[in-house]
Amino acid sequence: MSAQGKPAEHLSYQATSYITVKRYFFGVLILSLIWGVLFLKGKPEWLQVAAESLHLTPVLKAQTDSFYEQRIDPIFEQYCAACHNDNKQKGKLRLDSFRQLNFSGKSETNLTVAENNLLLERMSLPAEHRLAMPPYGRERHSDTDLALIKLWLDKGGSGQLTEVDFPEAPPKAKKISFEPIDWQAIEKARAPLAQEVQHLQQEYGFSLQYQARTSADLILNSFVIGNRFNDQLLTEFASVKSKLVEVNLYQSAISDLSMRFLLTCQQLKELNIAGTKISAEGLIQLVSLASLEKVLVDKTLITPSVQAKFEQASITLVGVK
Amino acid sequence: MQIKVWDLATRLFHWVLVLNIFLAWYTIENRMIELHEIAGHSLLALLVFRVLWGVIGSSTARFTQFIKYPRVAIRYLINSVKFSTPHSTGHNPAGGWMVIVMLVILGFQVISGMLSNNDLGFSGALSDYVSKGMSDTFTQLHSLSFDFILFIVWIHLVAVFFYVLVKKDNLVKAMFSGDKNIEQTSQSEKVKLAPQYFALICLGCSVSLAYWLWV
């Protein structure tokens, strides 16, 4: 016990070991350096940035017109980059640029040489294989894509060679793409007349339809109602006339009285009035409709003068027997 | 003469933790995501257990026993290489901070793992509570923080082997047997071992939590 009544501490450590502090930390330093080198070996991007900063090496990137940028990068972009990008780096691999491809990822193998190319090997595996890339269930590249990558690798996996250097490469496929449908915009365009359209559809069934799922324009068709569709009934659709682009009144009971209605349909492009009571005089009035492109009428109504007037207005007049 | 400084629960925790970290690394390296998830939840159970054990466990395992002011730990480190530090029965002041740093980093690793996804059908237990973008970010951080774990493990090994090789105080053996030579302990620090059923209660709680999050 100490003088203060506290139990005495054991003697502190004695430097009696053969391994001294200096020797030990020298060993630790060596091991840390080895560990650091191994760690840096797994970070080729850091080394590249350092070398570029010191101007020891040119900036690693592919030319804009290179075969890689034009033909190979789009393949990686379509099938690989979703998981191998800046944000995800699966397997520490990025395939979103030529520069990143050179850094190889976890495998630390050179992915720009053809021989034993891990990238090519994994992409060549059957789709169901555990190690296949892209993984099972993902959109998969074609054999042509794979052949193209192989061709590029066979010529050195360069970021400088252009398409001229690859005459054997199949021509670039034309890409057809569709604009994404903006459902909100369609709904917004339909909104002003949505209630009226709904009401008329409940009242007259299939007589009133939208031109397409993606359109706010309307088509009026008297076919379901037949010859009961008369001038009076047509006026029922007055609330939606601003959106009518096609009107089919074939064999309905409308007459020249409906001309007043039809002439106010400013968007009307196609009109079928064959088999109706509309006269040649009434028909002539239609040339004043700026948007009208095509009119189907009884053949008997088409005289040379009528034909000439419609031609003058750039409206196609089709005669129906 | 030998005295017991590490109870069975603390020793088991330590070595199972080592094994668990290795398994977590091995399973992810070999694309065994289901097993990796199990390893992660086991790690969660271990960490929760250690936190509980740090509150109600044996005296050498308690946080109140080994958490000192950082300046005390730094002074201890400086004096340690000069051989002018007294023996500690449990964790020394620097070792105590190592425990805390380990728990925090491993805790982050577990939580980030539970918030991550692999884009191939796997989502961590908590990933539905964050947006996909946020989950992707945690997936990245989960991968990055492993480098920190390696670094901390390296520092831990350097410190432990400094004791074993230079100071001739075999901490590794003590962590296996639980015993230390009485000359290599602090006289002022008396060990109070907690009942083993306390450890079972802590284990029950931690495993239940980890299992509940897993299923």
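Order of the sequence lines sets the chain letters (A, B, ...), proteins ahead of strands, with each chain counted from 1.
- A/Val21 and B/Val81 make their closest contact through CG2-O, 3.6 Å (heavy atoms, listed as atom of the first residue, atom of the second, distance).
- With a 4.5 angstrom heavy-atom cutoff, B/Asn30 touches chain A only via backbone atoms.
- For B/Gln2, the CD atom counts as densely surrounded, since its 6.0 Å shell holds more than 12 non-hydrogen atoms of other residues, nucleotides or ligands.
- Ring-plane geometry between A/Phe25 and B/Phe162 is classed as tilted, the angle between the planes lying from 30 to 60 degrees on a 0 to 90 degree scale.
- Residue-environment remark: CD (A/Gln160) exceeds the threshold of 12 foreign heavy atoms within 6.0 Å.
- Taking A/Asp65 as the reference, nothing meets the salt bridge (charged side-chain N to carboxylate O under 4.0 Å, His left out) condition, with sequence neighbours excluded.
- Residues of residues 72-100 of chain A placed with any heavy atom under 4.5 Å of a heavy atom in chain B are listed by number as A/Cys83, A/Asp86, A/Asn87, A/Lys88, A/Gln89, A/Lys90, A/Lys92.
- Only the side chain of A/Lys43 has a heavy atom closer than 4.5 Å to any heavy atom of chain B.
- Contact of A/Arg138 with chain B is made through the side chain alone, with heavy-atom distances under 4.5 Å.
- Annotation: A/Glu168, atom CD; neighbour count of heavy atoms from other residues, nucleotides and ligands within 6.0 Å is above 12.
- Within 6.0 Å of CH2 on B/Trp212 lie no more than 12 heavy atoms contributed by other residues, nucleotides or ligands.
- The environment of A/Lys155 atom NZ is dense: over 12 non-hydrogen atoms of other residues, nucleotides or ligands sit within 6.0 angstrom.
- Residue contact with chain A, scored on non-hydrogen atoms closer than 4.5 Å, involves the backbone and the side chain of B/Leu150 alike.
- At most 12 heavy atoms of other shown residues, nucleotides or ligands fall within 6.0 angstrom of atom CD in A/Gln195.
- B/Phe122 CZ: more than 12 foreign heavy atoms inside a 6.0 Å radius.
- In plain terms, the two heavy atoms of B/Arg31 and A/Arg130 that are nearest each other are NH2-O, 2.9 Å.
- Around CE of B/Met134, the count of heavy atoms belonging to other residues, nucleotides or ligands within 6.0 Å does not exceed 12.
- Rounding to the nearest 0.5 Å gives a distance of 11.0 Å between OH of B/Tyr163 and OH of A/Tyr24.
- When heavy atoms are compared at a cutoff of 4.5 Å, A/Phe39 approaches chain B solely by way of its side chain, counted from C-beta outward.
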